[in-house]
Amino acid sequence: MQSVQFEAPGTVDEAVALLAGATGDTRILAGGTDLLVQLRAHMINPGLIIDIKKIDETRSLTKNADGSYTIGAAYAGAEATERDDITKDWPGVVEGWDLIGSTQIQGRASLGGNLCNASPAADSVPAMIVAGMTANIAGPKGRRTIPVQDVPVSPGKTSLGKGEFIVSFNLPGRPKGGGDAYLRLIPRTEMDIAVVGCGVALVLDDSGTVTSAKVSLGAVSAKVLVVDAAAKAIIGTKLDDDALAKLDAACQAAAKPINDKRGTIEYRTKIAGVLARRAVKIAAERAGS
Amino acid sequence: MSTGKTDYKWVGTRTIRPDGHDKVTGRAKFGSDFSLSGMIHGRVLRSPHAHALIKSIDTSAAEALAGVKAVITSKDFKDQPSELIPAGEAMVNYKDMTRNVMAREKVLYDGHAVAAVAATTVEIAEAALELIKVNYQVLPHVIDVDEAMADNAPILHDDLVPVGMDAKGPTNIAKRVEFTLGDAAKGFEQADVIIERSYSTAAVHQGYIEPHAVVASVAEDGQAQIWCCTQGQFMVRTFVGQLLGMATSSIRVTPSEIGGGFGGKTVVYLEPLATLLSSKVGKPVKMIMSREEVFRASGPTSASTMTYKIGATKAGKITAVDATLKLLAGAFPGSPVQPAAMCAVAPYDVENVHIVGYDVVANRPKVAAYRAPGAPISAFGAESIIDELAKELGLDPLKMRQLNAAKTGTKAAYGPTFRNIGYQETLDAAVAHDHYKAPLGPNQGRGVASGFWFNIGGESSATVNINEDGTAVVISGNPDIGGSRASLAMMAAEELGIDYHDVRPIIGDTASIGYNFLTGGSRVTFATGLAVVEAARDAVRQLCERAAKIWEVDAEGVIWDDGHAKPASTNVGEFDPLSLAQLAAQAAKTGGPISGHNAQNVQGAGPGFATHICDVEVDPETGHVTVLRYTSIQDVGRAIHPSYVEGQIQGGAAQGIGWALNEEYIYNAQGKLDNPGFLDYRIPVASDLPMIEAVMIEVPNDRHPYGVRGVGEVPLVPPMAAVANAIESATGVRMENLPMSPPRVLAAIDAAQLRQAAE
Ligand SMILES: Cc1cc2nc3c(=O)[nH]c(=O)nc-3n(C[C@H](O)[C@H](O)[C@H](O)COP(=O)(O)OP(=O)(O)OC[C@H]3O[C@@H](n4cnc5c(N)ncnc54)[C@H](O)[C@@H]3O)c2cc1C
């Protein structure tokens, strides 16, 4: 085992310089709840670890004048849960984020880490995607902003280039009549990896008709899926049984899971439909309140 | 033997445990906390194959690596004869044991030890493992019990000769056992209803939180010291001595605090390796298993398949039981099939019983004991089919059990006639408990199940030393897993008549106290407790003699009462009582140190019975089961320390719920364990469980001065059936295979709906 260099820069520029100048395997450290586990299991063997938690931008959550939010990439789920604003506006985003692990993990686990670990089962990602979140990336060529769903490419891989890291996320303001939800199925009640996850964000008009919707599924494909057919099944409806049945069928059709020790194809496919129906109902209830 | 009194000062109270502060503050030393100066580190190379011939092992490159001090393989161990030697509760075969700690001709499971390295650092030791070249010839493997018993199965041991049956050729069946009471065929003729079902249970690990760890130091004169986390320091001494050809007197084993064992630390894995490495290098060697190694290479309990046939009259009297139990032993013979067969219907007074059991080897780690070894497995089948029978007869499941319950005087199918037992009392308490009457909501169900475990006594030694200031030290020889030090000190305080806080209980190493059989079989508070009581009484006898000397009267004229020597009557004379402290202060003048001893092979363990009530809610769309409420009712004889008895009861229920719902060994097509970690081997987390209510029934064991029965094992016997019966009550679907994980429950619900739709 080689020795590891550890840096904790105070600015984005310093971090980018360190990243860009590094040779060999270099890792960003946010909460460390994935990174440290992987280090100890000898899955990775980096020469340089850069802790980004000393950079203020990564550690703050701000509600902007237009109602939108800027969320630091290393802000922890437990911190978000204590905020009145975001928990009210985007309860689904916060619940996907703050059900990660257990109390101890939640005090550290970040959206940036969950996204960049690039697991298809990452719990915060389906809700981030349906909420329309984007990632602010810093790198040697400056800053760029891309949709959250474009960050992971395949299990364990992201689209970030050399020298790049995520500084923060943009979360739009809650639309009028909007509601969101995230549900996952695990065999236990916590400390587990999602067998299936489902994020829903929708908008209802005054009559209770769905005017827009987004549905995403985690853990049923190599990447989190955005299921347009599922959204279509409920847009224009009042979420009657028929619409929910179509939504269920659309999610089952879209799911492309694998058989593994955590679940079978048959089970995961079925559960994708079940969770979608349930998450839509919760989101709709929230939209009405 | 009973003390006759029940107005105890300490027994039955909730004292602070003597090891409590150290455990809470982190000062307590567990296996891996121990270190010595000059110590080096050992690691084990493990088989990547489920079954393979070892053609050759080349360790030269590893030995040449800077920092590597020694490399050992099976060549460094002398072979052992194949014979079964009784080792307390189980039989051991040293031929198998030496092959389990270090593979010899073959590797027999994924994770089987093949070589071990000692080096100056863990990193160097691990690098050295990668330099060891093992030339394997991979063989076909077998994981499943029924497949292992099939005619054309890959054979693990060509020379295996089954016990209790004839074999036509090579076989994986190591043993057949049979228990017969009455005539089962006749019993079925008397039955109005007969049900026949098949069940299976998955292999589950004990799940102790502390991995195996050892430090061994062998000096130039051949004297070895071993510090390790184990359930039996004397067991480690015996096994290491045998495997390495060392005299018992040259090995001293000190047990650390232990972070759980549940039976899994009644065997050796690292201890002989570390001792051998240390003897080669001349330095202390430390070895710690990773969690992955614990899963791949240390004993789980058996996986099983079973068939049960049961018959009863319309009135609910069970007339016959016929069962076949097949238990996997892992790579070497020795599953708990015998106790499984013996316990299967032990709670019931059934005239006609026929049970056959098979001990079967397959390419998995050798099983180790797990709380009430075998009984939870057979009880899953028995208590499920009895529940189904009750439903069929339209009887309340507790009523069904009351109708058939074993009582004092019942002859058990496995042989003995029960002395004073409290099974019926647990049933009566369950019927009366408000849990049993509480209303249930939609998708909710309630199940009950009972269980039995023998409990054991065994060889026990204890010393009670009276200190100069009137305090006392109790020395015993059993690692304290469940609070036994507190209980031993409480019984000693009761006998001596002094404050519990003035009694310091310590656990001796193998050179500081007489032989003690390991901590297992729920024996310590009962058997070692009995030795402590006798040792305290020996000290009291000496104290009375000292008072007699001071008073110049006959020793028979002195009695011990409430911590004081007193004249037995006014005939003896008028003397002020002498306290223990007063007598201790004068000990040097009256005859020297006062020290009580006792050593015996304790008999008369009282069997334990339990009845559990479980409420679940089943999500009909996902198959997810939530345990809503759980009550464990148990005859505990007498709870010396109620909190630690409750702890045993609650822990058993928690482990049983895990076994019921999610725990299993998952093997891939190559026979490699696919879930060797707590992420995918799912023991329950705290939020999975309701508060488990422990109801203690006290039917004292008349062969213990305080009425103690073992309490540590029977809590794990009923839960799997209790959960399955509750799921059936909630859904109408009977789960016959463990674990009852969400995908399986959902598949069963869906299949039942399809069947219904078809009808
Ligand atoms: C006990 C336990 C339970 C868990 N339970 C869950 C669960 O229920 N659901 C779930 O989804 N996950 C779970 N996890 C995984 C983990 O906690 C989450 O993925 C978490 O969100 C990771 O965040 P972190 O801040 O700790 O990331 P880190 O470990 O710091 O980083 C994770 C990866 O992302 C990279 N990275 C981090 N931040 C950035 C950034 N800003 N820009 C670029 N790359 C970055 C790191 O280099 C690393 O490769 C669990 C982990 C543990 C140990």
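Fair warning: this is a prediction, and the values are worked out from it, not measured in the lab. Naming: A, B, ... by sequence-line order, numbering from 1 per chain.
Formation of a donor-acceptor pair under 3.5 Å by the Asp688(B) side chain with backbone atoms of Thr189(A) is found in this model. Lys261(A) places a side-chain N or O within 3.5 Å of a backbone atom of Asp674(B) that can act as its donor or acceptor partner. The closest donor-acceptor contact from the side chain of Tyr267(A) to the backbone of Ala747(B) lies at 3.5 Å or more, if one exists at all.
The environment of NZ in Lys223(A) is crowded: more than 12 heavy-atom neighbours from other residues, nucleotides or ligands sit within 6.0 Å. Sparse packing is recorded around CZ of Arg108(A), with 12 or fewer heavy atoms of other residues, nucleotides or ligands lying under 6.0 Å away. Atom NZ of Lys281(A) has 12 or fewer heavy atoms from other residues, nucleotides or ligands within 6.0 Å. More than 12 heavy-atom neighbours from other residues, nucleotides or ligands sit within 6.0 angstrom of CG on Asp240(A). The environment of Lys23(B) atom NZ is dense: over 12 non-hydrogen atoms of other residues, nucleotides or ligands sit within 6.0 angstrom.
For the atom pair OG1 (Thr622(B)) and CD1 (Ile271(A)), the distance works out to 5.5 Å, reported to the nearest 0.5 Å. In this structure, the separation between CD on Glu266(A) and CG on Asp750(B) is 7.5 Å, given to the nearest 0.5 Å. Between the CG atom of Asp680(B) and the CZ atom of Arg262(A) there is a distance of 4.0 Å, given to the nearest 0.5 Å. The distance from the OG atom of Ser290(B) to the NE2 atom of His42(A) is 9.0 Å, given to the nearest 0.5 Å. To the nearest 0.5 angstrom, Leu185(A) atom CG is 6.0 Å from His624(B) atom NE2.
Looking at Glu664(B), neither its backbone nor its side chain comes within 4.5 Å of chain A, counting heavy atoms on both sides. Both the backbone and the side chain of Ser687(B) come within contact range of chain A, each with at least one heavy atom under 4.5 Å from a heavy atom of that chain. Within the 4.5 angstrom heavy-atom criterion, only side-chain atoms of Asp619(B), from C-beta onward, approach chain A. Interface residue Ile186(A): only backbone heavy atoms are found under 4.5 Å from chain B. Contacts between Ile666(B) and chain A at a heavy-atom distance below 4.5 Å involve the side chain alone, from C-beta outward. Only the side chain of Arg278(A) comes within contact range of chain B, with at least one heavy atom under 4.5 Å from a heavy atom of that chain. Contacts between Asn662(B) and chain A at a heavy-atom distance below 4.5 Å involve the side chain alone, from C-beta outward.
You'll find the side chain of Lys270(A) stays beyond 4.5 Å of the side chain of Glu621(B), heavy atoms only. Between Pro742(B) and Pro187(A), some side-chain heavy-atom pair lies under the 4.5 Å cut-off.
Interface remark: of the candidates Leu661(B), Asn668(B), Ile683(B), Thr626(B), Ile683(B) forms the most heavy-atom pairs closer than 4.5 Å to chain A.
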